[in-house]
> 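The structure is given below, and queries will be raised subsequently.
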Amino acid sequence: MKLIVTSQGPEATDPVDPRFGRAPYFLVCDVETGGFTALDNRDQAAAAQGAGVQAAQIVAGSGAQIVLTGHCGPKAFAVLSEAGLQVYAGATGSVQDAVHAWYEGKLELLATPDGIPHH
Amino acid sequence: MRIAVASGKGGTGKTTVAVNLALTAARAGLSVHLGDCDVEEPNARLFLDVAFEAPRDVSVPVPVIDAAICNHCGACAKICAFNAIACLPDRTLVFLDLCHSCAGCWLVCPQAAITQGTRVLGELTSGTGRELAATQGLLRVGETVVPPLIRAVKDAAGPAAWVILDAPPGTSCPVVETMKGVDFVLLVTEPTPFGRHDLELAVRLTRSVGLPCGVVINRAGGTPDLIDAFCAREGLPVLARIPFKRTVAAACAEGRLAIEADQDVAAAMTGLFHALRDREAAA
Amino acid sequence: MTELVVCSGKGGTGKTSIVASLAALAHQPVLADCDVDAANLHLVLAPTIARTTPFVAGRRAVIRAEECTGCGLCAELCRFDAIERVADPVRGASCRINAVGCEGCGVCVHFCPAGAIDFPPARCGEWYLSETRFGPLVHANLDTGAENSGKLVTLVREQARSTAAARGRDLILSDGPPGIGCPVTASLTGADHTLLVTEPSQSGLHDLGRVLELVDHFGVPAQVCINKYDLSLPLSGAIDAWCAGRGIPVVGHIPFEPLTSDAQMAGRSLVEYAPDCEASVAIRGVWREISRRLPGGRGDADTRCARPIPLVARAPRP
């Protein structure tokens, strides 16, 4: 199983980016091997609009089943749930910390979007 | 002649100038059409004795994806610069409030799975009164796409001798849309630092689109002010000064015509009308 | 952290002048000028700019003239009338893009048979982080005729929030744009409170109704203050009654004050320039009423208030 975490940098020790759509990197964590790979989202993070939609599409195509982030707006949430992903919000600290927090059941599974909508 | 009445700053008296100039021109014998392009907050009709017809919807084309044909190839999502389409392995989602109606998705779709639907932005209403004709656009509350509605207002203006367009405040895309294709821009301002600052922005915009402009100083005192100084420096003509009087403010507040409430305003508007007529004749 | 956005619907109701006075009265605010299209707050607050950052949003099409064959397909496909096919002495015809009209959709870029159109990111303005005598100010300048004002507003608000967090300040005071379109939507989304500044005119009342619909749409608690209320007492009364009927509190009536433009000239807020005039007293009353309603908001307003302020309890939202 794969997790994907919104990150401010390309390493697992970098801090989580609380914004879903405008996070510069996504780190994909393979739970079985514990390895991380980075997806670069910097182009999309600067999009004039719809960064969340675009980011959600990238995440949905990454093969991950679970998203860990700070907040998730309504459009990104719609795409992610249509794609069958689960979104956990409230992640803080480093990307590694977020994965541990999820493993220990400390993150909140979102049933509805909790972020500010942007257009 | 097509005249846009604009101002960087809101509340400087654009609508007052547009309405009173339109009636001054109409009473001088011209056929006049007043178009209210401030579709977010249209106010001109509050001052007009015009019976407006029932409004009709103004809409823009948006994509409708036929799920039976779409094979989720992602070409539409790729071309959409506004990120309004998300393509997932087994479905394609459209976010209409992000759509700018550029047509890219239906032009590019290899399956021809996208047809054009419509999204209503607001409504348009026109009417003809004893003295002039008018059109107003009204943006739906919560809607953010403004230029197509402004285009609709301008298209409805018809063949009048003078078309006067009341522009929205500011200097961004809705104002540019209002100014497209006009012959002259009247910039209304007031003698305050805010008024001068925003006039500067409006002048910069008018020049960048290559249109001639003149200035109307509203709420003017009796002596030359900071706007006169600015206009002298920039070589801009001051075409009218509307004196500040509480009686005029009260008349405008109550929806009455300033030219009927005050003789000095009537004289200023007549002077403005003749200045514009002279420019029209010279052109 | 609490974010109070001051809006008006109609322009020129005195919103920015009132925000400047509230900035002087508020306890350690972070200030944000969300009227990026025609920003004025800096004229009174005299900021020292600490950092300037270009605002790049979206893209703009640029034709490489030497590769354009003049076929005109781009002009035909452009939905925004931004491309013109013109006579060209060398090639017969060539196409030209009007940068102001370009929406940045990229349709021409995709379909150009000669591949002659570039699509670089577009600079639409810049934003500033500044210091003022009342606290940090985040403000911006949209390039004339530029797009994406809503995104610039969102950016200004995000920066104001992170500045407030970094400085440990609890209140963000934002000067909103007029109207009800894209930049207003961007100013109100997710805000905690809004003060709507209106004036006693038919237009003021009409526009207040429109902006209130938008405020309701976003579920932001609203309060109204009537500026220049004495220019028309009947219309002020009508606005009071209208607000009462909708359960919206009217938190103040500010008289017309000619010194307002003198204060502007002097680069001061009215409460600094003429602290004892009736309008200043009324503005302090407005701030007291607002700060009472803000969670944890601590107004520094004194208690001198010229007249009792009619207050109406807000009806529960349906």
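A quick note: this is a predicted structure, and the numbers were derived from the prediction, not measured. Below, chains carry the letters A, B, ... as their sequence lines are ordered, and counting in each starts from 1.
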> Please identify, among V175(B), I79(B), V146(B), the residue contributing the most non-hydrogen atom pairs under 4.5 Å to chain C.
I79(B)
> For L142(C), is it the side chain, the backbone, both or neither that has a heavy atom under 4.5 Å from a heavy atom of chain B?
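Side chain of L142(C) only, per the 4.5 Å heavy-atom cut-off to chain B.
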> Can you say whether A39(C) sits under 4.5 Å from chain B via the side chain, the backbone, both, or neither, judging by heavy atoms?
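Backbone only.
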> If you count heavy-atom pairs under 4.5 Å between each of V176(B), L205(B), V141(B) and chain C, which one has the most?
V141(B)
> Which one of L235(C), I180(C), V211(C), V107(C) has the most heavy-atom pairs closer than 4.5 Å to chain B?
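The residue among L235(C), I180(C), V211(C), V107(C) with the greatest pair count is I180(C).
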> Select one option (side chain, backbone, both, neither) describing which atoms of F194(B) are under 4.5 Å from chain C's heavy atoms.
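Both backbone and side chain of F194(B) come within 4.5 Å of chain C.
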> A152(B): what forms a side-chain contact (heavy atoms from CB on, under 4.5 Å) with it, not counting sequence neighbours?
V58(B), L124(B)
> Looking at every heavy atom in both L77(C) and L107(B), which two are closest together, and how far apart are they?
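What the structure gives for the nearest pair is CD2-CD1, 3.8 Å.
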> Quick check on P147(B) against chain C: is it the side chain, the backbone, both or neither that has a heavy atom closer than 4.5 Å?
neither
> For chain C against chain B, print all donor and acceptor atom pairs separated by less than 3.5 Å.
{"unit_1": "G11(C)", "atom_1": "O", "unit_2": "G11(B)", "atom_2": "N", "d": "3.4"}
{"unit_1": "G12(C)", "atom_1": "N", "unit_2": "G10(B)", "atom_2": "O", "d": "3.2"}
{"unit_1": "D37(C)", "atom_1": "O", "unit_2": "T171(B)", "atom_2": "OG1", "d": "3.2"}
{"unit_1": "D37(C)", "atom_1": "OD1", "unit_2": "T171(B)", "atom_2": "N", "d": "2.8"}
{"unit_1": "D37(C)", "atom_1": "OD1", "unit_2": "T171(B)", "atom_2": "OG1", "d": "2.9"}
{"unit_1": "D37(C)", "atom_1": "OD1", "unit_2": "S172(B)", "atom_2": "N", "d": "3.2"}
{"unit_1": "D37(C)", "atom_1": "OD2", "unit_2": "T171(B)", "atom_2": "N", "d": "3.4"}
{"unit_1": "D37(C)", "atom_1": "OD2", "unit_2": "S172(B)", "atom_2": "OG", "d": "3.0"}
{"unit_1": "A39(C)", "atom_1": "O", "unit_2": "H197(B)", "atom_2": "ND1", "d": "3.2"}
{"unit_1": "N40(C)", "atom_1": "ND2", "unit_2": "H197(B)", "atom_2": "ND1", "d": "3.2"}
{"unit_1": "N40(C)", "atom_1": "ND2", "unit_2": "D198(B)", "atom_2": "OD1", "d": "3.0"}
{"unit_1": "E103(C)", "atom_1": "OE2", "unit_2": "H100(B)", "atom_2": "ND1", "d": "2.6"}
{"unit_1": "G145(C)", "atom_1": "N", "unit_2": "T171(B)", "atom_2": "O", "d": "2.8"}
{"unit_1": "I180(C)", "atom_1": "N", "unit_2": "E40(B)", "atom_2": "OE1", "d": "2.7"}
{"unit_1": "G181(C)", "atom_1": "N", "unit_2": "E40(B)", "atom_2": "OE1", "d": "2.6"}
{"unit_1": "Q202(C)", "atom_1": "N", "unit_2": "A253(B)", "atom_2": "O", "d": "2.7"}
{"unit_1": "H206(C)", "atom_1": "ND1", "unit_2": "N43(B)", "atom_2": "ND2", "d": "3.1"}
{"unit_1": "D207(C)", "atom_1": "OD1", "unit_2": "N43(B)", "atom_2": "ND2", "d": "3.1"}
{"unit_1": "R210(C)", "atom_1": "NE", "unit_2": "E40(B)", "atom_2": "O", "d": "3.1"}
{"unit_1": "R210(C)", "atom_1": "NH1", "unit_2": "L139(B)", "atom_2": "O", "d": "3.0"}
{"unit_1": "R210(C)", "atom_1": "NH2", "unit_2": "V39(B)", "atom_2": "O", "d": "3.2"}
{"unit_1": "R210(C)", "atom_1": "NH2", "unit_2": "E40(B)", "atom_2": "O", "d": "2.7"}
{"unit_1": "R210(C)", "atom_1": "NH2", "unit_2": "L139(B)", "atom_2": "O", "d": "3.0"}
{"unit_1": "Q264(C)", "atom_1": "OE1", "unit_2": "T192(B)", "atom_2": "OG1", "d": "3.4"}
{"unit_1": "Q264(C)", "atom_1": "OE1", "unit_2": "F194(B)", "atom_2": "N", "d": "3.2"}

> With a 4.5 angstrom heavy-atom cut-off, is it the side chain or the backbone of A249(B) that approaches chain C, or both, or neither?
side chain
> Got a sec, which residues hit side-chain contact (heavy atoms from CB on, under 4.5 Å) with C87(B), two or more places apart in sequence or on another chain?
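Q57(A), H72(B), A77(B), T92(B).
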> What residues, two or more places apart in sequence or in another chain, satisfy ring pair (Phe, Tyr, Trp, His ring centres under 6.0 Å) together with F55(C)?
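By the ring pair (Phe, Tyr, Trp, His ring centres under 6.0 Å) rule, F55(C) matches no residue at all.
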> Taking every heavy-atom pair that is under 4.5 Å apart, which of L46(B), L226(B), V145(B) has the most such pairs with chain C?
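Greatest number of close heavy-atom pairs with chain C: L46(B).
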> Below 4.5 Å from any heavy atom of chain B, which atoms of F80(C) appear? Answer side chain, backbone, both or neither.
both
> Relative to chain C, which of P42(B), P168(B), G8(B) shows the most heavy atom pairs under 4.5 Å?
P42(B)
> Against chain C, work out which of G10(B), P193(B), C80(B), A103(B) has the most heavy-atom pairs shorter than 4.5 Å and name it.
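That would be P193(B).
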> So which of G104(B), C105(B), G170(B), G195(B) has the biggest tally of heavy-atom pairs under 4.5 Å with chain C?
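Ranked by heavy-atom pairs under 4.5 Å with chain C, first place is G170(B).
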> Measure distances from P200(C) to the heavy atoms of chain B and classify the residue's part below 4.5 Å as side chain, backbone, both or neither.
backbone
